[in-house]
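Because the structure is predicted, anything quoted here is derived from the model rather than measured. Heavy-atom basis, side chains included; hydrogens, waters and symmetry copies ignored.
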Amino acid sequence: MSLRTLSAALGRKTRLIASVMPHRGGGLSYVPPQSRATAPLPEEAELIWDDGNGVPEPFLDDHSKYGVSTSHAIFAVLVAFGSLTAFYKAIAWWDPVAHRPVGPHHLPYDNLRIELGGDPSIPVSSDQ
């Protein structure tokens, strides 16, 4: 493919994108310049979000107005942890180790006792 063909193909594509984008909400709209600060900003200026819609709002949400009290939050956490504990105890009671389709894995040389840090001077008892 020649350079002329490539540039012609890319030129058509960019012209197509440039003609379609403003009609499909793709931007290219005018953004007015922002006003500059003429006086020092107040200390809490970073805590207020003012996006220009006329209703400045706090940057951090105030969840106390939603009715979540401390006792309700503690109750929700205790219910969550209680549910997890009940699920864990049910799985432990069901004993998934006994339901495994394969047997336990034994390694050679006395289950690699010396290789895994066992003391070679202690003799191996026959009951193990």
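Arg113 CZ to Asp110 CG: the interatomic distance, rounded to the nearest 0.5 Å, is 5.0 Å. Once rounded to the nearest 0.5 Å, the distance linking CZ of Phe81 with CG of Leu84 reads 7.0 Å. With rounding to the nearest 0.5 angstrom, the OG atom of Ser69 is 8.5 Å from the CD1 atom of Ile74. The CD1 atom of Ile91 sits 10.5 Å away from atom CH2 of Trp93, with the distance rounded to the nearest 0.5 Å.
Residues Leu47 and Leu41 are members of separate hydrophobic clusters, defined by side-chain heavy-atom contacts under 4.5 angstrom among Ile, Leu, Val, Met, Phe, Trp and Tyr.
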